[in-house]
Amino acid sequence: MAAMAAPVLCMALVIALAATVAPVGEAAVVKHTFVVHEMNVTHLCNTTKIYVVNGQFPGPTLDVTDGDTVVVRVVNRLDHGLTIHWHGVRQLRSCWADGAGFVTECPIPPGGNHTYRFNLTGQVGTLWWHAHVTCLRATINGAIVVRPKDGRYPFPTPAGDVPVLIGEWWQLDLVELDRRMADGNFDDNPLSATINGKLGDLSNCSGVPEESFVLDVERGKSYLLRIVNTALFSEYYFKVAGHKFTVVGADANYLTPFETDMVTIAPGEAIDLLMTADAPPGHYHMIALANQPPEPDPQIPLFVSRGLVRYAGVRADNNGLPVPAPLMPDQHNTMPSYYFHGNLTGLAYPGRHRVPAHVDERLFVTLGLGSLCRGGGKVCKRRRSNETIVVATMNNVSFHHPTTTSLLERYYDGAGEGVYTEDFPANPPHPYNYTNRDLIPPGPLEEALEPTVKATRLRRFRYNTSVEIVFQSTALLQSDSNPMHLHGYDFFVLAQGLGNFNPKRDVKKFNYHNPQLRNTVQVPRTGWAAVRFVTDNPGMWYLHCHFEFHIVMGMATAFIVEDGPTPETSLPPPPPEFKRCGANGLTQP
């Protein structure tokens with residue numbers, strides 16, 4: 001499709017038209033068509049080519065009910081391949097529809113199409129969808145709203161609910177951004193944050209403010225804000241002046257209501273919160289502010305977007321009064337994130353999943369950076385020289401992403417030899433002081449730990465295995481937090497902590513009573529997080545950090561979950577609509 005000039009962007013709050021709508025309590029087949037194309041958009045005095053679905057940024061919202069089956073036909077009008085991932089959808093016995101590029105399928109070719117079919121049962125709340133090839137998810141994304149079958153929530157029914165997608169505005173072409181990162185260049189940054197695609201009035205072109213996202217409210221009514229972080233690079237703080245939130249859900253699972261005046265949300269997370277319009281009628285600023293670690297580069301630009309909460313009956317000039325703005329934390333203060341995530345617990349209710357009491361397999365996974373010799377050599381000068389390329393690692397293995405085949409197809413066909421191995425390590429090769437800040441800048445301590453390997457190493461689990469993973473963020477060449485996302489599963493977040501995980505001390509902190517059930521866990525910078533789950537969903541499931549630069553650099557692996565003893569506990573054959581990989585690494589026509 002030819003790029004359109006000076007478009008008017010549609011808001012992602014507009015729900016995509018569904019072909020089938022069922023009464024409350026009845027399951028339906030909900031059908032959509034996504035047309036992916038280029039579009040020219042002007043911000044900050046520059047016209048930029050972006051990639052969108054159905055002319056919208058963010059893309060259309062999928063509005064479904066627990067128990068519905070979703071069918072989405074994706075038409076690719078770009079000049080390169082892509083897949084769509086349904087982030088957080090359990091995909092029980094539908095791994096073929098997960099949409100992880102080169103993991104569960106090859107990309108849809110230019111001019112091609114692909115149909116995804118999956119069921120949403122046992123999940124209520126907010127999930128989202130996004131492109132899963134290169135950096136395209138920065139603009140190819142949208143919310144998934146899953147409503148309860150009976151229309152009832154375990155909290156007061158809101159007057160309305162609104163997806164609020166926090167993202168980033170990139171002037172650089174996203175395909176070029178991916179190419180630069182793959183070559184080891186990480187100097188590029190977005191120009192602004194966005195709220196529902198709007199940069200906000202803190203950004204301007206020649207003194208003319210950018211458009212802000214506006215939320216219209218009526219005094220005395222409550223609203224369910226469905227916050228999603230779609231950003232490539234940053235965790236965000238979100239506040240509304242003069243208002244408090246009650247956090248009630250995350251990743252389509254209910255939480256124990258938690259009152260706060262600020263939410264922190266990492267890439268990949270979805271958080272549901274109630275906001276009551278109980279302030280004096282007026283206008284109030286909302287702000288989404290990126291938080292960045294103070295090391296190693298305190299000069300990372302400030303990414304911020306400012307929106308507006310607008311009460312009904314108030315004049316456009318706010319009745320002549322100044323519009324209050326919320327007081328935000330320092331850009332480099334990451335501790336509010338640690339405390340926010342630590343305060344969240346799961347809501348106890350009948351039928352809730354219980355934490356497995358025993359553990360069959362334990363993994364201790366370190367998250368950090370390392371380096372490889374350019375050209376595949378084994379001996380080279382380290383310390384970030386021109387002879388090396390910096391990579392991201394899990395247990396000192398940097399994941400090599402296939403580019404011509406799908407791991408799931410190879411596994412299903414019994415043809416994995418030469419494509420992947422099943423020896424992803426359960427522990428790092430060499431224990432060390434993982435959070436020693438002397439490892440952040442290049443030096444003798446860091447240099448000894450820097451060398452790593454590039455490989456497609458997976459890990460296999462038997463069906464119904466109880467798995468515990470402790471993720472340990474390290475200070476090796478970096479000090480980032482790490483939002484770790486596991487496809488096809490929810491896991492219990494048992495605990496988090498700062499510093500090195502100590503099993504003798506920290507296991508006592510595990511919450512077995514009411515832990516969060518999540519698909520993405522924010523591992524604190526130079527800290528740890530412990531999760532537990534049961535492998536009850538056979539297939540090939542991607543595990544990765546949701547910072548895009550960490551994915552490109554190799555902070556990923558995949559879990560193979562074997563079939564169970566019955567057809568109902570086994571991975572079925574590919575569905576009729578599934579298109580296998582061709583010789584060129586794209587799906588066949």
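Fair warning: this is a prediction, and the values are worked out from it, not measured in the lab.
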Phe238 side chain reached by Leu289 side chain, heavy atoms, under 4.5 Å: no
Close side-chain approach of Met286 to Phe213, heavy-atom, < 4.5 Å: yes
Just checking, is any N or O donor in the side chain of [X] or [Y] under 3.5 Å from an acceptor N or O on the other one?
X	Y	result
Ser222	Thr276	yes
His550	His544	no
Asn433	Asn500	yes
Ser305	Thr194	no
Arg525	Ser481	no
Ser473	Asn482	yes
Glu235	Gln522	yes
Thr465	Glu361	no
Gln171	Trp169	no

Partner set under ring-ring contact (aromatic ring centres under 6.0 Å, His included) for Phe399, not counting sequence neighbours: His401
Those residues that, when tested against Tyr236, pass ring-ring contact (aromatic ring centres under 6.0 Å, His included) (two or more places apart): none
Pairing residues for Asn395 by the side-chain contact (heavy atoms from CB on, under 4.5 Å) criterion, not counting sequence neighbours: Val365, Thr366, Phe424, Pro425, Pro428
Set of side-chain contact (heavy atoms from CB on, under 4.5 Å) partners for Pro524, sequence neighbours left out: Tyr338, Gln496, Leu498
Any chance the rings of [X] and [Y] have centres within less than 6.0 Å?
X	Y	value
Phe364	Trp528	no
Phe549	Phe547	yes
Phe492	Phe510	no
His87	Trp128	yes

Nearest atoms (heavy-atom pairs only) where Thr83 meets Gly101: OG1-N, 3.5 Å
Distance-minimising heavy-atom pair for Thr126 and Ala270: O-CB, 3.4 Å
[atom1] of [X] to [atom2] of [Y]: how many Å apart, nearest 0.5 Å?
X	Y	atom1	atom2	answer
Asn427	Gln472	CG	CD	12.0 Å
Thr520	Phe491	OG1	CZ	6.0 Å
Thr557	Leu486	OG1	CG	10.5 Å
Leu232	Asp188	CG	CG	11.5 Å
Asp272	Leu225	CG	CG	9.0 Å
Asn396	Leu449	CG	CG	8.0 Å

Sequence-distant partners of Glu468, salt bridge (Lys or Arg N to Asp or Glu O under 4.0 Å), two or more places apart: Arg362, Arg532
Inspect the contact between [Y] and [X] and indicate whether a charged nitrogen and a carboxylate oxygen are less than 4.0 angstrom apart.
X	Y	answer
Arg90	Asp536	yes
Glu210	Lys198	no
Asp201	Arg306	yes
Arg518	Asp490	no

Might you confirm whether atom [atom1] of [X] has over 12 heavy atoms from other residues, nucleotides or ligands at distances under 6.0 Å?
X	atom1	result
Lys454	NZ	yes
Lys221	NZ	no
Arg354	CZ	no

Aromatic plane relationship, His85 with His485 - under 30° parallel, 30 to 60° tilted, over 60° perpendicular: tilted
For Thr474, all residues meeting side chain to side chain donor-acceptor pair (under 3.5 Å), sequence neighbours excluded: none
Side chain Asn333, main chain Pro329, donor-acceptor under 3.5 Å: no
Flag, side chain of Asn253 to backbone of Asp251, donor-acceptor distance under 3.5 Å: yes
ring-ring contact (aromatic ring centres under 6.0 Å, His included) between Trp541 and Phe461, intermediate numbers included: CA-CA 11 Å; Trp541 303 109; Phe461 297 102; over 10 Å; no
Stepwise side-chain hydrogen bond (donor to acceptor under 3.5 Å, both in side chains) check, Glu450 with Ser371: CA-CA 6 Å; Glu450 184 179 326; Ser371 70; 2.6 Å; yes
Audit row: Asp66, Arg147, salt bridge (charged side-chain N to carboxylate O under 4.0 Å, His left out) steps and yes/no: CA-CA 6 Å; Asp66 180 16; Arg147 304 187 185 279; over 6 Å; no
side-chain hydrogen bond (donor to acceptor under 3.5 Å, both in side chains) between Thr393 and Ser398, intermediate numbers included: CA-CA 4 Å; Thr393 68; Ser398 182; over 6 Å; no
